[in-house]
J.: 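Let me give you the structure first, and then I'll get to my questions.
Just so it is clear, the structure is predicted and the values come from calculations on it, not from any experiment.
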Amino acid sequence: MAWSGVGVNLATNAPTAQALRPAIRAVLDDPKFRAQAALHAEQARGIDTESEILRILRQQVAMNYRGAPQTRRAAAKR
């Protein structure tokens, strides 16, 4: 979140309530976070997610079909 400008880096995966309070206040009070979030939302609206997922899946199937290296998991199933 922090790297994209829409949140605060708390430097932990398990923040305390004492750490969350000022971070939440900062995000809610500082208009730059809202502006960044709006920018990301606008960019996301321009992505045809279904088409992008299908494109990636087709690409992966084609690579495996042509004998490209498989993942360990796929090789182990054989």
Side-chain angles (χ1 to χ4, degrees):
M1 300 295 283
W3 64 265
S4 66
V6 299
V8 176
N9 183 356
L10 298 173
T12 180
N13 288 330
T16 64
Q18 291 79 16
L20 284 172
R21 280 187 194 98
I24 292 169
R25 263 301 25 117
V27 170
L28 294 176
D29 293 344
D30 190 335
K32 74 178 182 185
F33 292 110
R34 186 180 305 262
Q36 269 309 103
L39 176 64
H40 286 282
E42 183 62 32
Q43 291 171 341
R45 277 192 283 278
I47 298 171
D48 181 351
T49 308
E50 182 179 350
S51 294
E52 188 63 13
I53 290 169
L54 289 172
R55 181 191 67 77
I56 293 167
L57 287 173
R58 287 184 186 114
Q59 180 183 24
Q60 292 302 309
V61 168
M63 284 176 57
N64 286 335
Y65 182 74
R66 288 188 222 119
Q70 298 179 11
T71 64
R72 289 184 197 163
R73 177 183 257 165
K77 289 183 179 180
R78 289 186 167 192

J.: So, for E52 and R55, which heavy atoms are closest and what is the spacing to 0.1 Å?
T.: OE2-NH2, 2.6 Å

J.: Would Q36 and H40 count as a side-chain contact (heavy atoms from CB on, under 4.5 Å) here? Give the steps.
T.: CA-CA 6 Å; Q36 269 309 103; H40 286 282; 3.5 Å; yes

J.: What distance separates S51 OG from I56 CD1, expressed to the nearest 0.5 Å?
T.: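 Output value for this atom pair is 11.0 Å.
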
J.: So does E50 have more than 12 non-hydrogen atoms from other groups sitting under 6.0 Å from CD?
T.: no

J.: Which atom pair, heavy atoms only, marks the closest approach of A19 to L10?
T.: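 Looks like O-CD2, 3.8 Å.
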
J.: Between F33 and V8, which heavy-atom pair has the shortest distance, and what is it?
T.: CZ-CG2, 4.0 Å

J.: Between CG of L20 and CZ of R25, what distance do you get to the nearest 0.5 Å?
T.: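 So the gap between those two atoms works out to 13.0 Å.
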
J.: Just how far is it from atom CG of D29 to atom CZ of R34, taken to the nearest 0.5 Å?
T.: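 It comes to 10.0 Å.
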
